[in-house]
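First the proteins, then the strands, lettered A, B, ... as listed; each starts at 1. No hydrogens, no waters, no symmetry mates; every other heavy atom, side chains included, goes into these values.
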Amino acid sequence: MTTYITTPIYYVNAQPHLGHAYTTIVADTYSRFRKVCGEDVRFQTGTDEHGDKIAEAALKEQVSPIEYANRISALYRESWPLLDIVPDNFIRTTDPNHIKTVQRVLQQVYDQGDIYFGEYSGLYCKGCERFLTEKELVDGNCPDHQRPPEKITEQNYFFRMSKYQQQLLDHIHAHPDFITPERYRNEVLSFLSEPLEDLCISRPISRLTWGISLPFDQNFVTYVWFDALINYLTGLDYPDGKLFHQYWPVAEHVIAKDILKPHAIYWPTMLLAMGLPLYQRLHVHGYWNVGETKMSKSIGNVVRPAELVAEYGVDTVRYFLLREMSFGLDASFSSAAIVTRQNSDLANDLGNLFSRSLAMLEKYTDATVPAPGAIEESDAVLRQTAVQMLSQYHESMGQFQFHRALQSVWDLISHANKYIVISEPWVLAKDPAQQPRLHAVLNNLVECLRLLTLVLRSVMPQTSRKMAAGLGLSADDPLIASFSHGAQWGLSTAGTRLQTTAALFPRMDKPGKESGAIAPTGTAVQKISSKKEKKKVAVAEVGVIEFAQFQQIDLRVAEVIAAERIVKSDRLLKLTVKAPETRTIVAGIAEYYPPEEMVGRQVLIVANLQPVEIMGVRSQGMVLAAKTEVAGEKRLVLTAVSGLVAPGSKVA
RNA sequence: GGCGAUGUAGCUCAGAUGGUUAGAGCAUACGGCUCAUAUCCGUAGUGUCCGGGGUUCAAUUCCCUGCAUCGCCA
């Protein structure tokens, strides 16, 4: 069996963020899973490097486009090892081989009459020197130049996409798995229920030079999709390479929902025009929000994978992303959530199971795997749970249901922890007559740990390696490296020497709570309920924080442009501020500052606080104020900088 | 404006072709164990299953409508 799995090629106008990392981790995990299943796998990722955005960015930095692309592309390539992502091929659209193949495909499609010369009209902004989409406009104006774009018409080349619409529809109907999850398949079908327009595939070189020139007209370069999508083929040395014949028939693409249309409509119609078989499956996932907000540059809440790895470790990040997101739906990232997963799932459940089992083996059997024994009912149930986990895991992984796969793995972990309590090995150990039973119990635990090592190998490679070492197995022992060899109960060899190992996962502290002289006035007062947390907060009040912790707080100057009381509240004002983007902040200052006094005032805000809804109003930040007392009366005094500054200025 | 999705415990979500006590994890409270990373195990809860109307012996589940959030399209 063979597998070809790809991520999109990432556009080099931005640095890798959480979304890129997720897509690529998914592809890597799937690739590893298929390899564990004994398949011949090819996993490809890469970068998309043409287009006017890149040319512009390069100009700003006063370097050539290719120099710019080289630099950003390297950021991607170098990010993946940090996440234990191991692609078999990293493709760049500036590779000579790719360019040659794109031109060859264009020529073929042109020769057969599926590309024609026509007119294109759109909204063009002279300031930006590019077409804007309706979506980009703010009040009908270009967001950057504050003026309306012109409707202009220019000559361009078009791909006859409409010609293949029916064929594509038929294919989707005949192949229910072609686009998954189903919601995206439905979206595509609904889109295809309307007539398709043909696809504009060129830009005149008067406006865009940084691209692949059309082989049949040197005055034009290829625009986006005919360049980008073909990477999936050029990475296989299409048309002549051996790789192509081997892997293309089993191609599977992973994408985020924003590029559904190009992958579900443009790409298959292109393949039909080229006379090639379509890919097998398209797997579409949702977005990662940060807290409850979209991740975006302008909000400044972009999550960088390298920083996550530095803080939490690779395996925690991989586990968290795969476990927390239901594949296909949006999910929410927060440091509180990742710490909770790390502590409860990884440290307490898995780490502690591993640690307590090995400790008992060391104590009671001198760190060797004991022989199995007579099977009691609890043993049979444990075994059944394990076998069931293996089949559910296998099925879910194959369907990209990573969260379900991991859920079933954790069912076994939880069951094994209960099994220990029921079996009470420490009681058995006190009675020499019970030694066979003790050994049987411990042998069953070794089996559980071995199977866990096997199934976690694709998801958390490092942890799996540590577990294998603890079990006295080499990293590529078929018992933990091959599903077909190892995925059965009862294969551990009695007498195998076990190794003492360090804890798999440390427990982490919950993310910090602010306190001190500057008091929160608006947003959520963090709920501090458990005794443990209360204790920690008490310490934090007099404690010091690292500079790096301080740096995580995005303090800015914001200008209040509107203020109103929130009905039904004596304390709350709803402020509209510029920072520099417009946002709404609810502040608990109404007793001290009437709304009319607020307008025009500049205040300090925490800009990267997780938004919350207060009295039905969404608050995107927190206004800082000092608490004080004058003549025994409580007062609140707003913070500000001593002179007027541009709204949005950073405070540090 | 058109089409669609979602709205379930404090939080994140699962689920039932309509039928007795609606589930899991986290969080909370109490109890137990001591092999273990102050871990683990057990018990206890709370839910107008978004609002309103309809169909039905019976609706959280089906239909209509409203509200909220999100997505696709224009």
A:Ile422 atom CD1 is separated from B:rC35 atom P, nearest whole Å, by 18 Å

Residues at least two apart in sequence or cross-chain that pass ring-ring contact (aromatic ring centres under 6.0 Å, His included) with A:Tyr184, listed by chain then number, are none

5'-most contact on RNA chain B (nearest-nucleotide basis), A:Ala331 vs A:Trp426, goes to A:Ala331

Aromatic centroids of A:Tyr30 and A:Phe402 separated by under 6.0 Å = no

Check your understanding: For the residue pair A:Tyr279 and A:Phe178, does the interplanar ring angle fall in the parallel (under 30°), tilted (30 to 60°) or perpendicular (over 60°) class?
Key -> parallel

Answer for the Watson-Crick or wobble partner of B:rA5, both distances under 3.5 Å, is B:rU69

**Report entry** Whole-angstrom distance between B:rA9 and B:rU61, as gauged at atom P
**Finding:** 15 Å

When every non-hydrogen atom of A:Met389 is compared with those of A:Ser408, the smallest separation belongs to CG-O, 3.3 Å

When rounded to whole Å, the CD to C1' distance for the pair A:Gln401 and B:rC13 reads 14 Å

With the side chain defined as heavy atoms from C-beta on, A:Lys257 is closest, among B:rA14, B:rA36, B:rG71, to B:rG71

**Separation of the P atoms in B:rU6 and B:rU46, to the nearest angstrom** = 28 Å

Is there any protein nitrogen or oxygen under 3.5 Å from a nitrogen or oxygen in nucleotides 40-42 of chain B, and what are the pairs?
unit_1 : atom_1 : unit_2   : atom_2 : d
B:rC40 : OP1    : A:Asp349 : OD1    : 3.3
B:rC40 : O2'    : A:Arg356 : NH1    : 3.1

message = Roughly how many Å apart are B:rC35 and B:rU28, using the P atom of each and rounding to a whole number?
response = 26 Å

Check: Is A:Asp330 paired with A:Lys257 through a side-chain N to carboxylate O contact shorter than 4.0 Å?
Finding: yes

Among B:rG15, B:rC35, B:rU37, the one nearest any side-chain atom of A:Ser355 is B:rU37

Can a side chain N or O of A:Arg341 be found less than 4.0 Å away from OP1 or OP2 on B:rC26?
no

In whole angstroms, the gap separating P of B:rC72 from NZ of A:Lys261 amounts to 10 Å

B:rC11 -> Watson-Crick or G-U wobble partner, both distances under 3.5 Å, gives B:rG25

Q) Between A:Thr365 and A:His439, do the side chains contain an N or O donor and an N or O acceptor separated by less than 3.5 Å? A) no

>> Classify A:Phe354 by what it touches in the nucleic acid, base, sugar-phosphate, or nothing, heavy-atom distance under 4.0 Å.
In response: nothing

P spacing across the pair B:rU37 / B:rC72, given as an integer number of angstrom = 49 Å

- Remember a base hit wins even if backbone is also touched, and classify A:Ala359 as base, sugar-phosphate or nothing at under 4.0 Å, heavy atoms. sugar-phosphate

